[in-house]
Amino acid sequence: MKFLLHSVIFLCIFRALALPAAEAVPNAGKRILWINSYSADDPWCRSLMSGFQEAMKETAAHPKYEIFDLGIRYQLEGATAAADLEALAEMLAIQSYDLVVTTDTSAADLFLDFELLKPEKVPVLLIAYAGAVPLPERIPAGSGITGVQIKDHLEETVLLARSLRPELREAVVVTEAVFRDRNAPESAGPAPDRGGMKIRVIAGNDYSTEKMLE
């Protein structure tokens with residue numbers, strides 16, 4: 001899995017850096033704006049950046065990184081803070097970047113929904129997008145955005161529980177606020193592919209920790 005993700009990221013880097021905006025700048029000293037949905041201190045984010053940097057070693061580029069953390073886990077209802085949106089918009093307006101990289105879904109949404117920037121000149125690479133809507137359906141035509149989508153294993157986890165406890169008729173899945181993005185469907189009810197099991201998703205978007213514990 002790690003090798004596959006590394007290979008896909010490597011191909012995405014080549015595509016992103018081959019766009020017109022990147023061609024005008026020599027490979028040495030390229031500037032990359034790296035936007036984490038969580039934090040650079042998060043082990044998951046660190047592993048994504050490490051994999052990206054390993055892939056970059058196979059190119060002629062020697063980029064300089066500027067890292068911006070959204071800290072989405074700590075924001076109200078899992079939404080990007082207005083001050084962060086403002087700061088990023090200002091950075092993109094006054095700085096010249098050769099590539100913007102986002103990790104996870106919240107940071108990706110800033111570009112897919114055009115809240116932050118219409119990437120007409122700066123290529124954008126989305127890493128570890130996990131939204132419910134397939135990434136190709138969300139990327140606007142001609143936008144200069146490419147990315148890697150990862151799949152959550154909610155269905156498989158519930159089906160595993162069902163195989164262990166066939167008598168189960170209802171499952172409750174508790175997730176953090178950022179698990180379910182704004183494009184995700186509502187919690188699913190009984191369906192044939194779930195063996196008639198009703199699944200209820202309780203996400204931090206909808207309930208505080210205190211409410212979940214009640």
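Bear in mind that the values here come from a model prediction, so they are computed numbers and not experimental data.
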Next item on the list: Could you tell me which residues satisfy salt bridge (Lys or Arg N to Asp or Glu O under 4.0 Å) with K64, sequence neighbours excluded, listed by chain and number?
Entry: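 With sequence neighbours excluded, K64 shows a salt bridge (Lys or Arg N to Asp or Glu O under 4.0 Å) to no residue whatsoever.
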Next item on the list: Using salt bridge (Lys or Arg N to Asp or Glu O under 4.0 Å) as the criterion, list what pairs up with E86, not counting sequence neighbours.
Entry: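 If we apply the salt bridge (Lys or Arg N to Asp or Glu O under 4.0 Å) test to E86, skipping adjacent residues, there are no hits.
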Is the shortest heavy-atom distance from the side chain of [X] to the side chain of [Y] under 4.5 Å?
{"X": "L33", "Y": "M91", "result": "yes"}
{"X": "I72", "Y": "T80", "result": "yes"}
{"X": "L125", "Y": "T146", "result": "yes"}
{"X": "L70", "Y": "I35", "result": "yes"}
{"X": "I139", "Y": "L112", "result": "yes"}

Check: Of the non-hydrogen atoms in Q149 and G131, which two are nearest, and what is the gap between them?
Finding: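 Here Q149 and G131 meet closest at NE2-O, 3.3 Å.
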Approximate separation, where rounding is to 0.5 Å, of [X] [atom1] and [Y] [atom2]:
{"X": "L92", "Y": "F68", "atom1": "CG", "atom2": "CZ", "answer": "10.0 Å"}
{"X": "L126", "Y": "I145", "atom1": "CG", "atom2": "CD1", "answer": "6.0 Å"}
{"X": "Y38", "Y": "S106", "atom1": "OH", "atom2": "OG", "answer": "6.5 Å"}
{"X": "L99", "Y": "F52", "atom1": "CG", "atom2": "CZ", "answer": "5.5 Å"}
{"X": "Y65", "Y": "K30", "atom1": "OH", "atom2": "NZ", "answer": "12.0 Å"}
{"X": "L88", "Y": "D84", "atom1": "CG", "atom2": "CG", "answer": "6.5 Å"}

For [X], which residues count as a side-chain contact (heavy atoms from CB on, under 4.5 Å) partner, sequence neighbours excluded?
{"X": "Q95", "value": "R31, Y97"}
{"X": "I67", "value": "W34, N36, A40, M49, D69"}
{"X": "E137", "value": "V133, P134"}
{"X": "P43", "value": "R46"}

Notebook entry, point to check: By side-chain hydrogen bond (donor to acceptor under 3.5 Å, both in side chains), which residues pair with D42, not counting sequence neighbours?
Noted result: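 Checked D42 against side-chain hydrogen bond (donor to acceptor under 3.5 Å, both in side chains); matches are R73.
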Item checked: Partners passing side-chain hydrogen bond (donor to acceptor under 3.5 Å, both in side chains) against Q53 (at least two apart in sequence or in another chain) ->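 None.
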I'd like to know if the side chain of [X] and the backbone of [Y] have a donor-acceptor N/O pair within less than 3.5 Å.
{"X": "T103", "Y": "C45", "answer": "no"}
{"X": "T105", "Y": "Y129", "answer": "no"}
{"X": "S50", "Y": "S47", "answer": "no"}

Item checked: Evaluation steps, side-chain contact (heavy atoms from CB on, under 4.5 Å), between H62 and M56 -> CA-CA 8 Å; H62 302 283; M56 287 299 291; over 6 Å; no
